[in-house]
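Quick caveat: nothing in here was measured; it's all calculated off a predicted structure. Naming: A, B, ... by sequence-line order, numbering from 1 per chain.
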Protein chains: 2
Amino acid sequence: MRDDDIANTMRALGHPVRLNILRILATQQRGECCCADVTEELTLAQSTVSQHIKVLLDAGLIERKPRGTRNCYIVQHDRLAALGTAFTGLVVGLGPAAAPQREAEQA
Amino acid sequence: MRDDDIANTMRALGHPVRLNILRILATQQRGECCCADVTEELTLAQSTVSQHIKVLLDAGLIERKPRGTRNCYIVQHDRLAALGTAFTGLVVGLGPAAAPQREAEQA
DNA sequence: TACTTTGATCGGTGAATTACGATGGAAAAT
DNA sequence: ATTTTCCATCGTAATTCACCGATCAAAGTA
């Protein structure tokens, strides 16, 4: 993962609403979670939510899964793990301390 | 660390130039590293570099240390560690897998 | 064949970001 | 005291972001 990628993914996570969306997606994942579900938990317009979702999508942090008339989204844990790894590498490279370290992922 | 903080810090890291600055700061840290040093490694204007530094500063990722006529900057490893922890917590909260995990820091 | 639901996408607006050169002020050197 | 060095900050232009309402296509339902 090179700097541009890391920066991109970081930026995708660099908005509270998107962190929230990720969380909503994760917690409701048992039942599959579509755009409408997310929207109704966030006081934002559907188009805005859709746009945030697109950002997460482009960053590879979630995946679209068409389900009949609706689109469900699932968190890409391996992508998150990859970022964790990259971050670790970065921080390790940065010096004496503070190296988060991932340790497990994708089924 | 709440969502806003995480998002802010992530956004600060969400630019390749800033990742670079962080790295430059870290590697040259033996000698202390000031704005001019950074600037001459990046094909960017001094004012632009200064601005990027300010972003990192505001995010608490680096610290300013006045050294006579110049300002030196040092990476705040504990802050990086804090972000690592927060990220870990987030990812853990997000589900089944992929939990980066930090394990050491500040002298 | 309508009609509805879902959600991506378009167009627009205002705010923020990124970049630059120029200014100004503080400390060091002369 | 004057000059030089360093760099934060200001002003500005171009770009991107965050948000909205409106629209349109696809798939399901009547």
- prompt: Pick the nucleotide of DNA chain D nearest each of B:Thr69 and B:Ile53; which residue has the one closer to the 5' end?
  reply: B:Thr69
statement: Quick note, B:Ser50 side chain, CB onward, closest among C:dC20, C:dT18, D:dA8 is D:dA8
- request: Could you state the atom-to-atom distance from CG of A:Asp4 to C1' of C:dT18 in whole Å?
  value: 15 Å
- prompt: When the distance from CG of A:Asn20 to P of D:dA18 is rounded to whole Å, what number comes out?
  reply: 15 Å
task: With heavy atoms under 4.0 Å as the rule, sort B:Arg67 into base, sugar-phosphate or nothing.
output: nothing
message: Rounded to whole Å, please give me the gap between CD in A:Gln46 and P in D:dT23.
response: 14 Å
- request: Examine D:dA8: is either OP1 or OP2 under 4.0 Å from a nitrogen or oxygen in the side chain of B:Tyr73? Give yes or no.
  value: yes
message: Looking at A:Asn71, I'd like to know whether one of its side-chain N or O atoms comes within less than 4.0 Å of OP1 or OP2 on C:dA8.
response: yes
task: Could you check B:Ile74 against B:Lys65 for side-chain contact (heavy atoms from CB on, under 4.5 Å), going step by step and ending with a plain yes or no?
output: CA-CA 8 Å; B:Ile74 58 175; B:Lys65 196 187 291 186; 3.9 Å; yes
query: Can B:Val55 be reached from B:Val38 by stepping across I, L, V, M, F, W or Y side chains whose heavy atoms are under 4.5 Å apart?
result: no
query: What integer distance in Å separates A:Glu40:CD from C:dG7:C1'?
result: 15 Å
- prompt: In whole angstrom, what separates B:Leu44's CG from C:dG21's C1'?
  reply: 14 Å
message: Output the rounded distance in Å from CG (B:Leu25) to P (D:dC7).
response: 12 Å
- prompt: Side chains of B:Gln46 and B:Cys35: closer than 4.5 Å at any heavy-atom pair?
  reply: yes
- prompt: Would one find a side-chain N or O of B:His52 under 4.0 angstrom from OP1 or OP2 of C:dA19?
  reply: yes
message: Looking at C:dC20, I'd like to know if its phosphate oxygens (OP1 or OP2) sit under 4.0 Å from a side-chain N or O belonging to B:Ser47.
response: no
query: After noting the C-alpha distance and the side-chain angles of A:Tyr73 and A:Arg64, does the key distance pass the side-chain contact (heavy atoms from CB on, under 4.5 Å) rule?
result: CA-CA 5 Å; A:Tyr73 295 94; A:Arg64 174 178 297 159; 3.1 Å; yes
field: Distance-only donor-acceptor test, A:Gln51 side-chain atoms vs D:dC17 base atoms, 3.5 Å
entry: no
query: CD1 of B:Ile21 versus C1' of D:dA8: gap in Å, rounded?
result: 14 Å
- prompt: CG of A:Leu56 versus P of D:dC17: gap in Å, rounded?
  reply: 13 Å
field: Along DNA chain C (nearest heavy atom to each residue), the more 5'-positioned of A:Lys54 and B:Thr48
entry: A:Lys54
task: Taking B:Arg79 for its side chain and B:Ala59 for its backbone only, find out whether a donor-acceptor pair lies under 3.5 Å.
output: yes
Cluster link A:Leu42 to A:Leu19, ILVMFWY, side chain under 4.5 Å: yes
statement: Result for 5'-nearest mapping on DNA chain C, choosing between A:Val49 and B:Thr43, is A:Val49
query: Does a side-chain heavy-atom distance below 4.5 Å link A:Ile62 with A:Leu22?
result: yes
- prompt: Is there a donor-acceptor pair closer than 3.5 Å between any side-chain N or O of B:Arg18 and the backbone N or O of B:Ala12?
  reply: yes
- request: Strictly below 4.0 Å, heavy-atom distances to any atom of DNA chain C: list the hits from residues 9-18 of chain A, or just say none.
  value: none
